[in-house]
Structures are given as C-alpha cells and as structure tokens.
Amino acid sequence: MNAVDIITKKRDGGVLSETEIRHMVMGYTQGTLPDYQMAAFLMAVYFKGMNRQETICLTSLMKHSGDIVDLGGIKGIKVDKHSTGGVGDKTTLIVGPIAAVCGVPVAKMSGRGLGFTGGTVDKLESIPGYQTSMAAEDFMNQVNGTGIAVIGQTGHIAPADKKIYALRDVTGTVENLSLITSSIMSKKLASGSDAILLDVKCGSGAFMKNLQDAERLAELMVEIGNADGKKTMAVITDMEQPLGCAVGNALEVQEAIAVLKNQGPSDITELSVCLAGMMIFLGEKAVSVEEGIEKAKAALADGSALEKFRALVDGQGGNPGITEDPGLMPQSSLCIEVRAEQTGYVRAVDAMKIGLASQHTGAGRQRKEDAVDLAAGLVLCKKTGDAVQAGDVLCWVYGNDAEKTRLAAEEVKPAVAIGAARPEKPQLIKKIIK
Ligand code: URA
C-alpha cells in the first residue's frame, strides 16, 4: 500500500477502506509516515470530508492506538464530561463537585489550553499546591473516598490523536467534522468512563460557527459513543460570547468558586446546573434530566457542592483556603480598565477576540511547550444585552507584563460592540441531543 495513492484517492473524493485509513493512522503514529504526507492527507480530508463509516473507522483506529483505561476499580457509573472548547468555560470545576455530591463518581482527566481556548489543568494549577498528576491507584482511591478527582491526561491515551492534533493545529485542518469527531471521541472512548456528556460549543468562539454544523457534530459523536456501548448525550451551547465574565486561569477558578457560593454570573450558573443535571441522569442518580437539574440546584443552594470542591482541592494537595481568601491565588501586578466610548447596549462580545486578548496577556499559550501566566487574563463587566454609559468599565485586563497587558487591552476594545438598540439576550442552551 502506498500513502500517495491513499492521499490522491481522498483528494479526488474517493471513499477510503479500513485498511487504507489504518495505513495512514498507524504509519503516522509509529513514525514511518512523514509529516508532509499526513498533512496532505489531512488537507484532502478537510476539503473532501469523510463519510459516516470512514469517520467511525478513523475514531476506532485512533482509540486503539494507545491504552484503554480501566476504571473498573471505581464503584458506580462513571460519567465523563467534555467540552469541545470555548472561552471562559470553567464548568468542570463546578459541575464535577455537584455531580459528586449527588452520588456520581467523577474520575476526570482534563487537558491544557491551546490557542484562544482554555484548559482545566492550567486552571487547577493556579491553585497553590494542587497536583494535577497522580499515580493510578491514588486517583482511584481519591474517587472512591472523596467522590471526585481531576487530573491531567495520563499515559498513553490515543497517541494517534496527540500527534495528528498537533499537526492539524499548524496546518489549518482543525475545523473538519470527521477530524474533530474522531479526535474527541477516540480520547473519550479510551478514557474508561461508562457514560459521556458532550458540551458542543457553537458560535464565534467555537470550532462550529453555526447551529447546523454543531448539530451534525453532536449527532455524530452521540451515535459513535452509543455504538461503543457508552451512554452518550450532547448539549449544544452558545459560544458567541465568553461563558461567565472571567477568562484566564486563577481568575476562572475564582469565578467557579463564586458560582459554587451561588454568587456567580447567571449564564455559567445556568449551564453548570444543566450539565450537572445531565451527568446525574447519565449516572442513574435521577430518573430524568429535569430531576437531575433539581438535585444540582439543591447541591449549590445548601453549600454541599462548595464543600465537595474544597475536598477535591484538599485531596489533591491544594490549599482549600482559596475559597475564603482569593489572595492565596496568583495575583497580577497590573490591571488596565477598558472603558466604553459610547452610550447604548452591548450588541456582542466576540468570544474569539476575547479569548485571543486573554491569551495575549500571557494567560494562554501559542505552542504546547509555552509557559502560562496563571494570574493573567481578563474580567468582563458587561455582556451582550447590558446597558452601558460612555465611560463605564467594560473589562478589566490583568497581567504581569506591561506591554502584553497594554496590547491585550487594545484588543478588547473592538471585541465589545455597542449600539443604540437593545439586542435579544442570546439563548445559552440551544439543544439537547440524546
Ligand atoms: N477538541 C479536541 O480534542 N479535538 C478537536 O479536534 C477539537 C476540539
């Protein structure tokens, strides 16, 4: 078999066999297929697409390229939650403790941020002392004892995805339905959970820019998850504007704590309760999503979810005192206020531009190996639909590097559009797919 024949077949719109897809995936993972051939193949897939069968086959090959985690040592139905990536998305820090309080074991392996999107592991590392890596036995013991553990992705899960994603990232081949589906689902199916909840983001700050594309992605991922024997559901949610107000690692942890105290922004609170309700349903601790949502609201209202968050932090070596004293978290030396230049209503807060501005404060990384400034980022004071007066603060931009912070503040200005007419508040939760 010849890689050039496979590339040209896909370039000309052909349908690939399992053997052909295997040749490309295994060859690349094992290092016998060079970057330039894989890049050409990915570009051919980007333009010509893959059918359902090819996508299922690609997902399975990527899943089996590495270890399949065995979480059998953890009692109960393990439910994994995954977001397709967005700006200001700190829901794992809220939803995990709520689900754990309601009896769903949370054994979560999370990723780092890349580009304009954030990652849970970076956020957790802003908590002093928190260990994001753990021996497998300690991980299982923590979940069995505390009900929740959140660590970075370990070992050798879907190494094909790791390599292919890194190449997609630098060859303009990320935004393709089949490639995104196989990338996400190969990792999720190898991660050992019994059920999967997918938060598919839709809008300017997401890979899927419109509802139709988000629906196709969600439906395909749900089908693949269920076909693999894992009960899978998806929810399509808005990512036209950032979720909540805080974007940046320590800043997002502080906002998550505010939500756990019932003092957070309404959008992230609403989404967290919905996701937790779905997890509680998937974990069979509620007979419906609606009942799960009621249980989630109760866990927020009575403070038990906050207590569970403190237990999670404590169990992983972090300082639970951060819930009462935010000063224990990394602090920025600089803060620039971005003010409105006109009176009216916020018509849009472009999630992608805000994510990029936050990245440029130092809060995000351009390349995998870059260090991040855990204190840097920004906090929005106004969101879409809010009234503003000229001179009002729209956003606080935090950092430790004067030039980076100044440039990021410049980027925030055009990201917040103000007009005379009051726009509709965007619908946050667009659709649930079972
Ligand atoms: N998240 C992933 O893990 N992979 C993609 O391709 C896109 C988002």
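Atoms within each ligand, like the ligands themselves, are counted from 1 in listed order. Each residue takes its place number in the sequence, starting with 1.
By the side chain to side chain contact (heavy atoms under 4.5 Å, CB included) test, V379 is found to be paired with C245, A246, L251, W396, Y398, residues two or more places apart in sequence or in another chain being considered. Residues forming a side chain to side chain contact (heavy atoms under 4.5 Å, CB included) with Q131 (at least two apart in sequence, or on another chain): none. Applying the side-chain hydrogen bond (donor to acceptor under 3.5 Å, both in side chains) rule to S186 yields no partners; only residues at least two apart in sequence or on another chain are considered.
No option in K108, K230, K231 other than K108 meets the salt bridge (Lys or Arg N to Asp or Glu O under 4.0 Å) test with D80.
Closer than 4.0 angstrom to ligand 1 lie heavy atoms from T84, Y165, R168, I180, S183, I184, K187, F207.
Judged purely by distance below 3.5 Å, without hydrogens or angles, the side chains of T173 and T171 pair a donor atom with an acceptor atom.
Within a 6.0 Å sphere centred on CD of E137, other residues, nucleotides and ligands contribute 12 heavy atoms or fewer.
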